[in-house]
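Following: one structure in structure tokens, then a few remarks.
One-based numbering, in listed order, for ligands and for the atoms of each.
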Amino acid sequence: MAPERITLKDPARFRDPANLTWERYIALQARERERYLAERAAIPPEALAYKTVSPRYVERATEQFANNYFPELSATHYVATAAANAPFDELKKCCLFQLADEQRHLEMDRDVFERAGIPERDWLPAWEQPGTTCRFFRHVLELEDSIEILVKANFVAEGAAGPATFAVLADGAEARGDLLSAVNHRARVRDETRHISYARALVRALIEEDAENLGVIQRWQDESLRLFAEVAHGGRRREWWAGFLDSYYKIALPLGLRQTPITF
Ligand SMILES: [Fe+2]
Ligand SMILES: [Fe+2]
């Protein structure tokens, strides 16, 4: 089946909700970096060296670290594709700023792996095993159409893995003594919120321009959530999955999308 394509015939319908220019983006990132470095500097050295967590925590968290790192790494690739193929400049600009954000996130997550002393040869196998986000991101990495990439990865996946999900991850890491992961998640979410909001503006513009676009977006949502559902297969991570869907439907249902039936 040929991939479905939709496009915004009138690009003026889309405006970057964050209203960023290069100047503003750089200033925002400078403030963000200062805040991040101050938060990280407040972490005691033993905690930064992963000496305050149990060895069992690191063993069990390796998959979670992989589920953080590889999606960020994937994002630097698929958002670069979305920027390269962007049908109009305002959208390309949003993609390029996001690309810089995702590069920063991936470096934060690499830092976690390294400080926790997990050898690099173990990272990818942890992500490629069943029950991870791997299937979804490998799918997105095969796409070439900017709008399809942004709907699936930013609107659906980031929309779902939004503020609530990252708060759960941050609190969980903090409770187990993993203060660096907690600081990273809280920093990451401030950017992801912006990635979600421009994708939502794009989806809204597509639906307002042509109601038929809703059907295509619905199919992209269904496909994405079913690939993501692998993470919760067999009743794993129930609480996480409920929060994940809840975050997403909060932004999707008001735009006229319906829930995706998923059978485990
Ligand atoms: Fe990210
Ligand atoms: Fe993002």
So, [X] side chain and [Y] main chain: donor-acceptor pair closer than 3.5 Å or not?
X: Q221; Y: R258; answer: yes
X: N213; Y: L206; answer: yes
X: W123; Y: I118; answer: yes

At a cut-off of 2.8 Å, what protein N/O/S atoms sit near the Fe ion (ligand 2)? E102 OE2, E158 OE1, E158 OE2, E192 OE1, H195 ND1
Name the orientation class of the two ring planes belonging to F228 and F137 (parallel below 30°, tilted from 30 to 60°, perpendicular beyond 60°). perpendicular
Parallel, tilted or perpendicular: which fits the ring planes of F113 and Y69, with parallel below 30° and perpendicular above 60°? perpendicular
Residue pairs fulfilling salt bridge (charged side-chain N to carboxylate O under 4.0 Å, His left out) with at least one residue in residues 60-77, sequence neighbours excluded: E63-R236, E63-R237, E72-R188
